[in-house]
J.: 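Shown below is the structure under consideration.
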Amino acid sequence: MMREEIVFGPIHSRRLGSSLGINVLPERGKLCNFDCIYCECGWNRDGRSDKHLPSAADLRSALEAKLSGCRAAGVGIDSITFSGDGEPTLNPDFPEMVDITLELRDRYYPNAVVSVLSNATKVYKDAVFGALRKVDNPILKIDAPTTDLARIINRPAPGYRVEDVVEALKRFDGDFVLQTMFLRCEGFDSSSPDVLQGWMDIVRILRPREVMVYTIDRETPQKDLVRFTPEEMRSLVRPLVEEGFAIQVRG
Ligand code: SF4
């Protein structure tokens, strides 16, 4: 599902309450250095028509208009999430955009929680890391424990190595949320020992304060994907729960 505005919503969700979304990627395109087989925005090749990235100034005016309008209308906002058509940290203004969002949140809705959904590939950059440290919830993705397995499910741009992402994520000292997609397809199965044990080892190394495990629930670009039931996912992550990790399963 493509987002056509820099700031969209608020939409109501059971988990987040009244929630605003921020899309810092092209309005009519997708920009990501992954091309996940389950991406809700479709394949990268189908989202290349618009390459215009919004600037920090664009975000400031759109977000200020939305927040002041909502406040004037008495609309509550519980959360603000960077979750657009692609990878938000690819926007060169991303660090400044985080500062603007936090400043406007403090001014208009000081109790709203700011989250960023990211594939974690740019955490090695100090400015991106610093920005992610400032938000309430940096929600960072690792789906596959090896680079070869990531090539099947995430189809990253050349140069990606899972080891580099794990190394960069160590800088959080556990103060982040790890997000992991569970699915099955030709060549990849989140429940197989090579995937599951390797992923669990990464969780044990990084010790994230929370782990979100989820599965597909919308139409996906690759068609042979099989979802897991919540019961299956709960049973697969049980060893980590028993070790004391906080794991949220969403199915
Ligand atoms: S990282 Fe996110 S935006 Fe990028 S391809 Fe994967 S699911 Fe889509």
Side-chain angles (χ1 to χ4, degrees), residues 1-6 8 19 21-54 81-92 94 97 115-125 128-129 131-132 135 137-162 164-166 168-169 176-185 187-188 190 195 199 202 208 211-228 250-251:
M1 183 189 2
M2 292 278 197
R3 305 292 182 184
E4 300 216 331
E5 297 159 295
I6 306 178
F8 53 93
S19 171
I22 294 184
N23 174 31
V24 300
L25 287 316
E27 291 183 15
R28 290 178 306 285
K30 174 189 171 193
L31 179 70
C32 195
N33 54 354
F34 277 7
D35 200 9
C36 300
I37 59 178
Y38 59 82
C39 182
E40 285 179 11
C41 308
W43 296 122
N44 290 356
R45 63 171 179 259
D46 299 324
R48 293 235 161 94
S49 56
D50 181 4
K51 293 195 171 68
H52 174 75
L53 286 174
T81 304
F82 284 72
S83 63
D85 305 330
E87 171 52 37
T89 65
L90 295 183
N91 188 313
F94 173 75
M97 288 168 151
S115 306
V116 175
L117 295 168
S118 164
N119 65 20
T121 50
K122 300 295 175 191
V123 169
Y124 74 89
K125 292 186 164 188
V128 170
F129 173 67
L132 290 169
V135 300
N137 293 318
I139 304 175
L140 304 169
K141 181 199 298 291
I142 293 184
D143 294 332
T146 69
T147 304
D148 283 343
L149 288 164
R151 283 203 187 99
I152 299 173
I153 178 168
N154 302 120
R155 303 166 18 114
Y160 172 85
R161 294 185 345 131
V162 174
D164 296 339
V165 172
V166 171
L169 286 175
F176 74 102
V177 180
L178 178 72
Q179 186 186 51
T180 301
M181 164 64 75
F182 273 33
L183 57 72
R184 285 191 188 94
C185 66
F188 188 94
S190 302
V195 178
W199 173 76
I202 288 174
V211 181
M212 277 182 192
V213 172
Y214 69 126
T215 192
I216 35 185
D217 76 339
R218 302 228 174 94
E219 210 189 321
T220 55
Q222 186 163 307
K223 298 301 172 204
D224 68 336
L225 311 186
V226 179
R227 67 198 309 279
F228 281 81
R250 266 193 269 145

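Start at 1 and go down the list; that is how both ligands and their atoms are numbered.
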J.: Strictly under 2.8 Å of atom 4 (Fe) of ligand 1: which protein N/O/S atoms qualify?
T.: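 N, O, S partners closer than 2.8 Å: Cys32 SG.
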J.: A cation-pi test, strictly: NZ or CZ of Arg184 under 6.0 Å from the centre of the six-membered ring of Phe228 and no more than 45 degrees from its axis. Yes or no?
T.: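 The answer is yes; both the distance and angle limits are met.
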J.: With no hydrogens and no angle check, just 3.5 Å: does a side-chain donor-acceptor pair link Asn44 and Lys30?
T.: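 A donor-acceptor contact under 3.5 Å links the two side chains.
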J.: To which protein heavy atom is atom 2 (Fe) of ligand 1 closest, and what is the distance rounded to 0.1 Å?
T.: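 Scanning the protein heavy atoms, the shortest distance from atom 2 (Fe) of ligand 1 goes to Lys141 CE, 4.1 Å.
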J.: Just by distance, with hydrogens left out, do Asp143 and Tyr38 show a side-chain donor and acceptor under 3.5 Å apart?
T.: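 Yes.
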J.: With sequence neighbours excluded, tell me which residues meet salt bridge (charged side-chain N to carboxylate O under 4.0 Å, His left out) with Asp148.
T.: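 Arg151.
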J.: With no hydrogens and no angle check, do the side chains of Asn119 and Asn33 hold a donor and an acceptor under 3.5 Å apart?
T.: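 A donor-acceptor contact under 3.5 Å links the two side chains.
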J.: Regarding Thr220 and Gln222, is there a side-chain donor-to-acceptor distance under 3.5 Å anywhere?
T.: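 Per modelled atom types, Thr220 and Gln222 side chains form no pair under 3.5 Å.
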